[in-house]
2 protein chains.
Amino acid sequence: MSLVQLESFVAVAEEGHVGRAAQRLHLSQPPLTRRIRSLEEELGLELFERTPRGMRLRPAGERLLPRARRILAQVDALPELLRHPQDAEGRDEPWSEPSS
Amino acid sequence: MSLVQLESFVAVAEEGHVGRAAQRLHLSQPPLTRRIRSLEEELGLELFERTPRGMRLRPAGERLLPRARRILAQVDALPELLRHPQDAEGRDEPWSEPSS
DNA sequence: CGGTGCGATGCCGAAACGGTATTGGACCTC
DNA sequence: GAGGTCCAATACCGTTTCGGCATCGCACCG
């Protein structure tokens with residue numbers, strides 16, 4: 001499992017369409033489809049239900065979404081955190097969940 | 001930044017030697033050296049001090065270590081969490097920090 | 001029934017990655 | 001202080017991975 005896969009999953013979950021999510025990720029549709037499928041294969045379960053209209057989250061996907069978002073947020077916060085020594089060690093992260 | 005980079009960083013930080021960490025990751029030394037350097041380049045700061053004995057953590061590396069460990073732990077926990085619907089949504093993660 | 005919009009797949013060129021071999025530098029020993 | 005040792009760093013190369021283009025298959029719609 002990679003961060004790229006998690007990021008791809010979140011994008012598709014939020015957009016509901018592989019094509020649109022690909023656009024948002026500055027990527028074409030086929031590689032994004034492959035990322036999602038490889039993630040599902042790796043987990044051994046289907047995160048999305050394929051409808052003629054696009055992609056709808058399955059229960060497992062619903063459970064994954066908030067956790068994936070949080071992990072990505074923590075990773076995004078790393079560079080800033082490493083550059084500011086005044087953040088004491090006990091303080092650690094505030095887990096700022098994006099309000100979305 | 002990728003999970004592989006974070007995993008590599010943690011291994012080197014814990015072992016204090018690139019060579020030994022590579023062994024632990026079932027990898028040879030050169031690619032592991034490259035992973036660490038690419039992570040440092042990407043962050044624009046040095047995580048380790050190179051000594052003739054091996055690698056010693058710099059302050060930025062010290063700050064990264066616990067956060068990297070936590071992120072990796074969260075990722076490792078994902079497959080299990082997705083497979084068990086009885087985990088209610090409000091319960092989210094307990095952030096079980098390894099006792100190390 | 002022809003058109004449309006969606007994800008899935010085949011194919012190919014480019015980029016990323018890992019391993020072997022080697023280098024360069026600091027220490028330690030005699 | 002010369003030779004040996006133990007590190008990480010680099011050069012090079014073969015393999016694998018990855019992305020884009022083109023196309024397919026399918027369900028719905030008019």
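The sequence lines fix the lettering, A, B, ..., with proteins before strands; numbering per chain opens at 1. Scope of the values below: all heavy atoms of this structure, side chains included, with no hydrogens, waters or symmetry mates. Note that the structure is predicted; figures quoted are calculated from it, not measured.
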Task: ring-ring contact (aromatic ring centres under 6.0 Å, His included) contacts in which one or both residues fall within residues 10-40 of chain A, not counting sequence neighbours - done: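 Every pair satisfying ring-ring contact (aromatic ring centres under 6.0 Å, His included) with a residue in residues 10-40 of chain A: there are none.
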Using atom names, set out every protein N or O paired with an N or O of nucleotides 10-18 of chain C below 3.5 Å, distance rounded to 0.1 Å.
from	atom 1	to	atom 2	distance (Å)
C:dG10	O6	A:Arg34	NH1	3.4
C:dG18	OP1	B:Arg35	NH2	2.5
C:dG18	N7	B:Arg34	NH2	3.2

Atom-to-atom span, [atom1] of [X] to [atom2] of [N] - whole angstrom:
{"X": "A:Gln23", "N": "C:dG5", "atom1": "CD", "atom2": "P", "result": "14 Å"}
{"X": "A:His17", "N": "C:dT4", "atom1": "NE2", "atom2": "P", "result": "18 Å"}
{"X": "A:Ile36", "N": "C:dT9", "atom1": "CD1", "atom2": "C1'", "result": "16 Å"}
{"X": "A:Arg58", "N": "C:dG7", "atom1": "CZ", "atom2": "P", "result": "15 Å"}

Open item on the list: Quick one about B:Gln29 and B:Gln23 (side-chain donor to acceptor, distance below 3.5 Å, no hydrogens or angles considered), yes or no?
Closed with: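 Note: B:Gln23 and B:Gln29 side chains miss the donor-acceptor criterion.
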Open item on the list: Show me the pairs that pass salt bridge (Lys or Arg N to Asp or Glu O under 4.0 Å) and involve residues 17-31 of chain B, at least two apart or across chains.
Closed with: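 Of all non-adjacent pairs touching residues 17-31 of chain B, those that pass salt bridge (Lys or Arg N to Asp or Glu O under 4.0 Å) are B:Glu14-B:Arg24, B:Glu15-B:Arg20, B:Glu15-B:Arg24.
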TODO: Please check the phosphate of C:dG7 (OP1 and OP2 only) for any side-chain N or O of A:Thr33 closer than 4.0 Å.
DONE: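 Checking C:dG7 against A:Thr33, no side-chain N or O comes under 4.0 Å of OP1 or OP2.
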- [ ] Mind listing the residues from residues 38-56 of chain A sitting with a heavy atom below 4.0 Å of DNA chain D? Number order is fine.
- [x] A:Pro52
Task: Any residue meeting side chain to side chain donor-acceptor pair (under 3.5 Å) with B:Glu49, in chain and number order, not counting sequence neighbours - done: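 For B:Glu49, no residue satisfies side chain to side chain donor-acceptor pair (under 3.5 Å) once neighbours in sequence are set aside.
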TODO: Could you pull out all residues at least two apart from B:Gln5 that satisfy side chain to side chain contact (heavy atoms under 4.5 Å, CB included)?
DONE: B:Met1, B:Ser2, B:Ser38, B:Leu39, B:Glu42
Open item on the list: Going by side chain to side chain contact (heavy atoms under 4.5 Å, CB included), name the residues that satisfy it together with B:Ser28, two or more places apart in sequence or in a different chain.
Closed with: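 Partners of B:Ser28 by the side chain to side chain contact (heavy atoms under 4.5 Å, CB included) criterion, ordered by chain and then number, come out as B:Pro30, B:Pro31.
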Task: B:Gln29 vs A:His26, nearer the 5' end of DNA chain D by closest nucleotide - done: B:Gln29
Listing, residues 52-60 of chain B side-chain donor-acceptor contacts under 3.5 Å, not counting sequence neighbours, or none:
from	atom 1	to	atom 2	distance (Å)
B:Arg58	NE	B:Phe48	O	3.3

TODO: Tell me, please, which residues at least two apart from A:Arg50 pass salt bridge (charged side-chain N to carboxylate O under 4.0 Å, His left out).
DONE: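 Applying salt bridge (charged side-chain N to carboxylate O under 4.0 Å, His left out) to A:Arg50 gives A:Glu40.
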